[in-house]
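What follows is one structure encoded as structure tokens, with my remarks underneath.
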Amino acid sequence: MAWRKGFEEVANSKPLFLTIYTVVIIGIVVSSFYVFSAIYSANPPSAQSSAWLSSISSDATHVTDQTLNVSQSAAVHTVPPPSPRPRNESPRSIWDDPPPNKKMPPLKDFRLTKELVRQRVKDNAIIVTFGNYAFMDFILTWVKQLTDLGVSNFLVGAMDTKLLEALYWKGIPVFDMGSHMSTVDVGWGSPTFHKMGREKVILIDSILPFGFELLMCDTDMVWLKNPLPYLARYPEADVLTSSDQVIPTVVDDSLENWPEVSGAYNIGIFHWRPTESAKKLAKQWKEMLLADDQIWDQNGFNDIVHRQLGPSVDDESGLVFVFDGKLKLGILPASIFCSGHTYFIQAMYQQLRLEPYAVHTTFQYGGTEGKRHRLREAMHFLDPPEYYNPLGGFLSFKPHIPKNLLLSGEHNVESHFTLVNYQIKQIRAALAIASLLNRTLVMPPLWCRIDRLWYPHPGILEGSMTRQPFLCPLDHVFEVNVMLKKLPEEEFGPQIDFREYSILDNPSLPSEVKKSWLDVQLCKDGTQDCDASASNDTTVGGVLKFPKHSNEEMFMKVFSSLKDVKVIKFSTVQDAFTGFTDKEREEKFRNRVKRYVGIWCCVPDHSPGHIYYDMYWDEKPGWKAVPPQTSEDDHPPY
């Protein structure tokens, strides 16, 4: 063979050339071996690019990486080496359900690893939220808002297996936090609530070493605009945080002027870069909370960041040195990274002609139910189709408010209660009619003249942009959580379902509801076209003439034949209904709706400073808007 002849020639050559040829031939043989080995044994490219729920191998030949079990200290598990991916390649599609014949992968496959995060990362950034099954609808809303904005580089941490399984079968990228948390709403301030806060800190401390930028969010906020381009405007920032600031320090979309910020830094929305300073902050914050379970995570963050505050990093960016004097912090403008106050009360972004990026449902008074209702009022919440087409249909009405109640005189406690009480009386009548006809009441928009807070104030916060009067959220006056609670029917009568004032304008309202509409105009009994003895004769052009001061019998006689109408809207409910014929039912109704109203807070220089709203204020001669005068008086009016 040729190669043998060549070898013989070399053998007869000088020893130096023999050595060179020998090395060359051995190199060719070894290289050929590796080439052929790679061709016949390598995995196909598709197998190397695993999905976001790819199995985690424990093969000892794989490189080690960090994984997260949030309830415990970070452990080290083996994961496949990451396969290269172009910088701007989009993560896999969201909402793609797994094949119906596919089995749920084992729980260990959902552990958080660098590889799992990398599968979702885009431009080296990942957006993360987490929660338990009680917040499933908030999480779906959060996901839907992001995907509608074209953002898919996110992950959801599941604190219980029920949520994890539900999200997996909906095609939402999810990981297991190993928390084994209850599936119910834990309530603000509870021990479990504080446990959730610690899980967040441990999660941040675990993700930052992966080397990705992290935008961490609470589930009770929604995105209205893609925030990533805004955050990229501040590449030098180690941390960018939202705040509870209610007084604007800037009037454009720049970062807040940090020396003027008096509100707490709010950790419901904040962005971390994987710098050494940020990692150091996360580690010390975690250690602080784990050492003392009485510290609220947000208070701990504010305390540790304020160990040093200032100086400014430069004259232009708005960043400030904090913590150890090296970490660069920016405070996101509350006008566009909105709190529940700057968005729902002040509408600061509208007044400043800015586009909001997010709204966080803080500054509200109805618990989780109140947060949900606020987002529904703003048409930012994802509800199932049946929410927009309830059994029995809707009952709506046009509220009547005299101009002087809105605009005349000073905006003070007395004028505020006069305005609100006038609306409460109409809502009370509408609740009764809705209960009688077994319809879902569309609550009217509610007007207030002064703000509600947790502490004494002069009516509105000085320096804020709150206009007077203003459309106030339902939870400012009504106990939304109580209205939704399943009270015993034998004591409180039938449940009265209700919806937010904006639902009939919601794009999700089905066409069959929009097309099935009847306007009801009150008229004086005995006048022309006001004979309701036969309801079919009183409907002309989608308008029903209905007598004022009608009793239960008349309502049932006329509207029993209109059960298939989806929306019945009264021109007014004032003087519409004289009351239930059945006095026992009347008493149960009163017992129920008395609990529907809450408190206003708070007058200065008086303890207690709150004032109770009263659903039946008009039945108490001389009723005045004053706080309880004694401890014995300090109770709701029922």
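Computed over heavy atoms, backbone and side chain alike; hydrogens, waters and symmetry mates excluded.
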Which of these, Asp383, Asn506, Thr141, sits in a side chain to side chain donor-acceptor pair (under 3.5 Å) with Arg376?
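Exactly one pass, corresponding to Asp383.
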Using atom types as modelled and distance alone, determine if a side-chain donor or acceptor of [X] lies under 3.5 Å from a backbone N or O of [Y].
X      : Y      : answer
Thr249 : Asn257 : yes
Trp617 : Asn421 : yes
Ser335 : Met348 : no
Thr241 : Ile331 : no
Arg449 : His416 : no

Would you say that more than 12 heavy atoms from the other residues, nucleotides or ligands in this model lie under 6.0 Å from the [atom1] of [X], or not?
X      : atom1 : answer
Glu386 : CD    : yes
Glu414 : CD    : no
Glu553 : CD    : no

Side chain to side chain donor-acceptor pair (under 3.5 Å) between His476 and Arg452, intermediate numbers included:
CA-CA 6 Å; His476 264 221; Arg452 174 181 176 177; over 6 Å; no
Find the distance between [atom1] ([X]) and [atom2] ([Y]) and round it off to the nearest 0.5 Å.
X      : Y      : atom1 : atom2 : result
Lys588 : Leu487 : NZ    : CG    : 13.0 Å
Gln574 : Lys548 : CD    : NZ    : 9.0 Å
Ser508 : Ile503 : OG    : CD1   : 9.0 Å
Tyr265 : Gln245 : OH    : CD    : 9.5 Å
Tyr349 : Met465 : OH    : CE    : 12.5 Å
Ile336 : Leu224 : CD1   : CG    : 11.0 Å

Could Arg595 and Tyr638 be counted as a cation-pi pair, given that NZ or CZ must be under 6.0 Å from the ring centre and within 45° of the axis?
yes
Identify whether NZ of Lys or CZ of Arg in Arg499 sits under 6.0 Å from the centre of the six-membered ring of Tyr387 and within 45° of that ring's axis.
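Pair Arg499/Tyr387 counts as cation-pi.
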Step through it carefully: locate the ring centre of [X], locate the ring centre of [Y], and say whether they are under 6.0 Å apart.
X      : Y      : value
Trp454 : Tyr365 : yes
Phe589 : Phe492 : no
Tyr596 : Phe478 : no
Phe363 : Phe344 : no
His457 : Trp600 : yes

Would you please test Asp218 and Thr129 for side chain to side chain contact (heavy atoms under 4.5 Å, CB included) and show each step?
CA-CA 6 Å; Asp218 286 351; Thr129 193; 5.5 Å; no
Any chance the side chains of [X] and [Y] put a donor and an acceptor closer than 3.5 Å?
X      : Y      : result
Lys371 : Gln364 : no
Arg585 : Ser435 : yes
Asp633 : Thr630 : yes
Ser415 : Asn412 : yes
Glu479 : Tyr613 : no
Asp634 : Tyr612 : yes
Gln426 : His400 : no
Asp244 : Asn266 : yes
His373 : Asp475 : no

Parallel under 30°, tilted from 30 to 60°, perpendicular over 60°: which one fits the rings of Phe301 and Phe270?
perpendicular
Angle class for the Phe138/Phe381 ring planes (parallel below 30°, perpendicular above 60°, tilted otherwise)?
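If you compare the ring of Phe138 with that of Phe381, the planes turn out perpendicular.
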Report the residue from Arg590, Lys594, Lys425 that forms a salt bridge (Lys or Arg N to Asp or Glu O under 4.0 Å) with Glu619.
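For Glu619, the salt bridge (Lys or Arg N to Asp or Glu O under 4.0 Å) check succeeds only for Arg590.
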Arg439/Asp497 under salt bridge (Lys or Arg N to Asp or Glu O under 4.0 Å): CA gap, chis, key distance, verdict
CA-CA 7 Å; Arg439 285 183 172 270; Asp497 291 330; over 6 Å; no
Evaluate side chain to side chain donor-acceptor pair (under 3.5 Å) for Gln346 paired with His341, printing each intermediate quantity in order.
CA-CA 6 Å; Gln346 299 188 51; His341 200 279; 3.0 Å; yes
His549 and Asp525: CA distance, side-chain angles, deciding distance, side chain to side chain donor-acceptor pair (under 3.5 Å) verdict
CA-CA 9 Å; His549 307 291; Asp525 194 15; over 6 Å; no
Please walk me through it: do Gln350 and Tyr343 pass side chain to side chain donor-acceptor pair (under 3.5 Å)?
CA-CA 9 Å; Gln350 289 182 346; Tyr343 188 86; over 6 Å; no
Distance-minimising heavy-atom pair for Ala429 and Val573
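Taking every non-hydrogen atom into account, CB-O, 4.0 Å.
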Salt-bridge criterion met for Arg428 and Asp618 (N-O under 4.0 Å):
yes
Set out, in order, the CA-CA distance, both residues' side-chain angles and the distance that settles salt bridge (Lys or Arg N to Asp or Glu O under 4.0 Å) for Arg198 and Asp297, then state yes or no.
CA-CA 6 Å; Arg198 282 156 178 73; Asp297 56 344; over 6 Å; no
